[in-house]
Student: 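Before I ask anything, here is the structure I am working with.
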Amino acid sequence: MQTIHISTMSGKLKGLRSISTNTLTNPYCIKQSACGDNDNICTKCYSVNMLSTFRKNTAPALQRNSDLLASRLLTDREIPFINERIFRYDAHGELINDTHLANLVKIAQLNEGCTFALWTKRNDLIAKYFKDNAKPANLVLIYSNPKIDRVMAKPPKHFDRTFNNVSKGSAVEQNCTGQKCMDCQLCYTVGGTDTIVEAVK
């Protein structure tokens with residue numbers, strides 16, 4: 001039986017684990033990364049760079065996740081047990097389709113003791129799915145604003161907060177300033193601020 005690959009993160013995300021997918025084969029990511037708009041954060045995608053170069057060996061495992069999570073709804077037996085207090089969805093990749101989203105929701109539902117955070121630009125999939133489905137209390141939805149230097153203060157419907165990027169040297173106040181996520185956990189907290197702002201790396 002094929003199982004979901006869980007990644008152990010490094011760098012800023014050290015101490016966290018994640019279920020991610022392959023950015024390099026996601027049609028949405030491919031289109032956004034190549035769009036040519038300098039104010040689109042996707043054109044500066046860290047994941048495309050990493051999976052194309054020094055993290056190339058990770059791509060096959062992430063592709064297996066892409067294939068498994070986006071193809072069908074997983075059975076309860078296929079849902080991994082997550083023995084963490086907080087957990088990251090899609091440290092690499094983006095939502096592929098509504099089946100992918102439904103599987104991430106199911107993982108959260110069957111792991112009530114853990115808080116899951118999902119960053120996504122796919123408001124279309126979120127709006128469609130949660131129109132008819134309840135959002136688990138342990139799932140934090142973060143709208144990843146694609147536009148640099150256009151801070152969104154109010155999250156779209158169903159989202160808990162927004163994540164925004166501003167240019168280096170911007171006068172806009174930033175509350176994501178390079179510390180390790182495990183030391184901050186602002187994004188993973190249910191309630192609290194609606195707006196996260198970070199300078200483009």
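Predicted, not measured: the structure shown is a model, and the values here were computed from it.
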Student: With salt bridge (Lys or Arg N to Asp or Glu O under 4.0 Å) as the criterion, how do Glu94 and Arg122 come out once you've worked through the C-alpha distance, each side chain's angles and the decisive distance to 0.1 Å?
Tutor: CA-CA 8 Å; Glu94 171 59 277; Arg122 299 297 307 271; 6.0 Å; no

Student: Show the nearest heavy-atom pair for residues Leu74 and Ile4, with the distance to one decimal.
Tutor: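 Smallest heavy-atom distance, with atoms named: CD1-CD1, 3.5 Å.
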
Student: Other residues, nucleotides and ligands only: do more than 12 of their heavy atoms fall within 6.0 Å of NZ on Lys56?
Tutor: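 No, NZ of Lys56 has 12 or fewer neighbouring heavy atoms, counting only those of other groups under 6.0 Å.
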
Student: Find out whether Tyr143 and Asn123 are in side-chain contact, i.e. whether some heavy atom of one side chain is under 4.5 Å from a heavy atom of the other.
Tutor: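 Counting from C-beta outward, Tyr143 and Asn123 do come under 4.5 Å.
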
Student: Within a strict 4.5 Å, meaning less than it, do heavy atoms of the Asn49 and Lys44 side chains meet?
Tutor: no

Student: Going hydrophobic residue to hydrophobic residue with side-chain gaps under 4.5 angstrom, can you get from Ile86 over to Leu104?
Tutor: no

Student: Would you say Val190 and Leu141 are hydrophobically clustered, going by side-chain heavy atoms of ILVMFWY under 4.5 Å?
Tutor: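 No, Val190 does not connect to Leu141 through the hydrophobic network.
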
Student: If you look at every heavy atom in His158 and Lys131, which pair is closest and at what distance?
Tutor: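 Closest pair (atom of His158, atom of Lys131, distance): NE2-N, 4.3 Å.
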
Student: Please check if Leu51 and Tyr46 belong to a single hydrophobic cluster, counting links between Ile, Leu, Val, Met, Phe, Trp and Tyr side chain heavy atoms closer than 4.5 Å.
Tutor: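 No, it is not one cluster - the side chains of Leu51 and Tyr46 are not joined through contacts under 4.5 Å.
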
Student: For residues Ser66 and Asn22, is any side-chain donor paired with an opposing acceptor at under 3.5 Å?
Tutor: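 Asn22 and Ser66 do not have a side-chain donor-acceptor pair below 3.5 Å.
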
Student: How many angstroms lie between atom OG of Ser144 and atom CG of Asn165, to the nearest 0.5 angstrom?
Tutor: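 The distance works out to 7.0 Å.
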
Student: Could Glu198 and Lys12 be called an ion pair, given the rule that one side-chain N must be under 4.0 Å from one carboxylate O?
Tutor: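 Yes, this pair counts.
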
Student: Of all the heavy-atom pairs spanning Ala102 and Leu73, show the shortest one and how long it is.
Tutor: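 Closest approach of Ala102 to Leu73: CB-CD1, 3.9 Å.
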
Student: At what distance, to the nearest 0.5 angstrom, does OG1 of Thr25 lie from CG of Leu62?
Tutor: 9.0 Å

Student: Take Ser52 and Met50 through the side-chain contact (heavy atoms from CB on, under 4.5 Å) test and state the conclusion after the steps.
Tutor: CA-CA 5 Å; Ser52 300; Met50 290 171 70; over 6 Å; no

Student: When you compare the side chains of His92 and Ser47, does any donor N or O come within less than 3.5 Å of an acceptor on the partner?
Tutor: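 Checked: His92/Ser47 side chains pair up, N/O donor to acceptor below 3.5 Å.
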
Student: Where do Val166 and Gln174 come nearest, in terms of heavy atoms and distance?
Tutor: CG2-NE2, 3.7 Å

Student: Are any non-hydrogen side-chain atoms of Met152 and Thr195 less than 4.5 angstrom apart?
Tutor: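 With C-beta onward as the side chain, the pair stays apart.
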
Student: With the side chain counted from C-beta on, respond yes when Val105 and Pro136 share a heavy-atom pair under 4.5 Å apart, and no when they do not.
Tutor: yes

Student: What do you reckon, is CG of Asn83 surrounded by more than 12 foreign heavy atoms closer than 6.0 Å?
Tutor: no

Student: Do Thr3 and Glu78 have side chains that approach each other closer than 4.5 Å (heavy atoms only, starting at C-beta)?
Tutor: no

Student: Just by modelled atom types, is the Tyr129 backbone N or O under 3.5 Å from a matching donor or acceptor in the Asn133 side chain?
Tutor: yes

Student: Checking Asn65 side chain against His5 main chain: does a donor-acceptor pair fall under 3.5 Å?
Tutor: yes

Student: Just by distance, do the side chain of Arg161 and the backbone of Gly191 share a donor-acceptor pair under 3.5 Å?
Tutor: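 Answer holds: yes.
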
Student: Check residues 108-117 and write down every donor-acceptor pair under 3.5 Å in which the side-chain atom is one partner and the other belongs to a residue at least two apart or another chain.
Tutor:
{"from": "Asn111", "atom 1": "OD1", "to": "Ile82", "atom 2": "N", "distance (Å)": "2.8"}
{"from": "Asn111", "atom 1": "ND2", "to": "Pro80", "atom 2": "O", "distance (Å)": "3.1"}
{"from": "Asn111", "atom 1": "ND2", "to": "Ile107", "atom 2": "O", "distance (Å)": "2.9"}

Student: Would a single hydrophobic cluster contain both Val48 and Ile41, if residues Ile, Leu, Val, Met, Phe, Trp and Tyr are joined by side-chain heavy-atom contacts under 4.5 Å?
Tutor: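 No; Val48 is not reachable from Ile41 via cluster members.
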
Student: For the residue pair Val197 and Glu173, establish whether any side-chain heavy-atom pair is separated by less than 4.5 Å.
Tutor: no

Student: When rounded to the nearest 0.5 angstrom, what distance separates CG in Asn26 from CG in Leu24?
Tutor: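 Between Asn26 CG and Leu24 CG, I get 10.0 Å after rounding to 0.5 Å.
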
Student: Using the side-chain contact (heavy atoms from CB on, under 4.5 Å) rule, take Ile19 and Leu69 through it: C-alpha gap first, then chi angles, then the decisive distance, then the call.
Tutor: CA-CA 10 Å; Ile19 293 173; Leu69 292 167; 3.9 Å; yes

Student: Tell me, do Asp76 and Lys106 make a side-chain contact under 4.5 Å, heavy atoms counted?
Tutor: yes

Student: Between Lys154 and Asp194, does any side-chain N to carboxylate O distance fall below 4.0 Å?
Tutor: no

Student: So, applying side-chain contact (heavy atoms from CB on, under 4.5 Å) with Leu16, which one of Glu84, Met182, Lys180 is it?
Tutor: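 Per the side-chain contact (heavy atoms from CB on, under 4.5 Å) rule, the option paired with Leu16 is Met182, out of Glu84, Met182, Lys180.
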
Student: What are the two closest heavy atoms between Pro155 and Thr162, and how far apart are they?
Tutor: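 The answer is CA-CG2, 3.5 Å.
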
Student: Could you grab the distance from atom CD1 of Ile142 to atom CG of Asp90, nearest 0.5 Å is fine?
Tutor: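 These two atoms lie 12.0 Å from each other.
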
Student: For Thr99 and Ser71: C-alpha separation, side-chain torsions, deciding distance, then whether side-chain contact (heavy atoms from CB on, under 4.5 Å) applies.
Tutor: CA-CA 7 Å; Thr99 302; Ser71 62; over 6 Å; no

Student: Output a table of donor-acceptor pairs, distance under 3.5 Å, between side-chain atoms of residues 27-39 and any protein atom two or more places apart or on a different chain; print 'none' if there are none.
Tutor:
{"from": "Gln32", "atom 1": "OE1", "to": "Asn40", "atom 2": "ND2", "distance (Å)": "2.9"}
{"from": "Asp39", "atom 1": "OD2", "to": "Arg150", "atom 2": "NH2", "distance (Å)": "3.0"}

Student: Taking all atoms of both residues into account, what is the closest heavy-atom pair of Ala199 and Lys168, and its distance?
Tutor: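 Closest pair (atom of Ala199, atom of Lys168, distance): CB-CA, 4.5 Å.
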
Student: Distance from Ile196 atom CD1 to Asp160 atom CG, nearest 0.5 Å?
Tutor: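 These two atoms lie 11.0 Å from each other.
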
Student: Examine Phe159 and Val140 and state if one hydrophobic cluster contains both, with Ile, Leu, Val, Met, Phe, Trp and Tyr joined whenever side-chain heavy atoms are less than 4.5 Å apart.
Tutor: no

Student: Using a strict cut-off of less than 4.0 Å between a Lys/Arg side-chain nitrogen and an Asp/Glu carboxylate oxygen, indicate whether Arg72 and Asp67 qualify as a salt bridge.
Tutor: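 Result for this pair is no, no salt bridge flagged.
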
Student: Does Tyr188 have any ring pair (Phe, Tyr, Trp, His ring centres under 6.0 Å) partners at least two apart in sequence or in another chain, and if so, which?
Tutor: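 Checked Tyr188 against ring pair (Phe, Tyr, Trp, His ring centres under 6.0 Å); matches are Trp119.
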
Student: Are side-chain N/O atoms of Ser18 and Ser20 paired as donor and acceptor at under 3.5 Å?
Tutor: yes

Student: Supply the atom-to-atom distance Leu68 CG to Asn103 CG, rounded to the nearest 0.5 angstrom.
Tutor: 7.0 Å

Student: For a side-chain contact (heavy atoms from CB on, under 4.5 Å) check, start with the C-alpha distance between Asp149 and Ser167, then their side-chain angles and the critical distance, and finish with the verdict.
Tutor: CA-CA 6 Å; Asp149 292 322; Ser167 300; 2.5 Å; yes

Student: Can you find a pair of side-chain heavy atoms, one from Asn164 and one from Val172, that are under 4.5 Å apart?
Tutor: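 Not in contact.
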
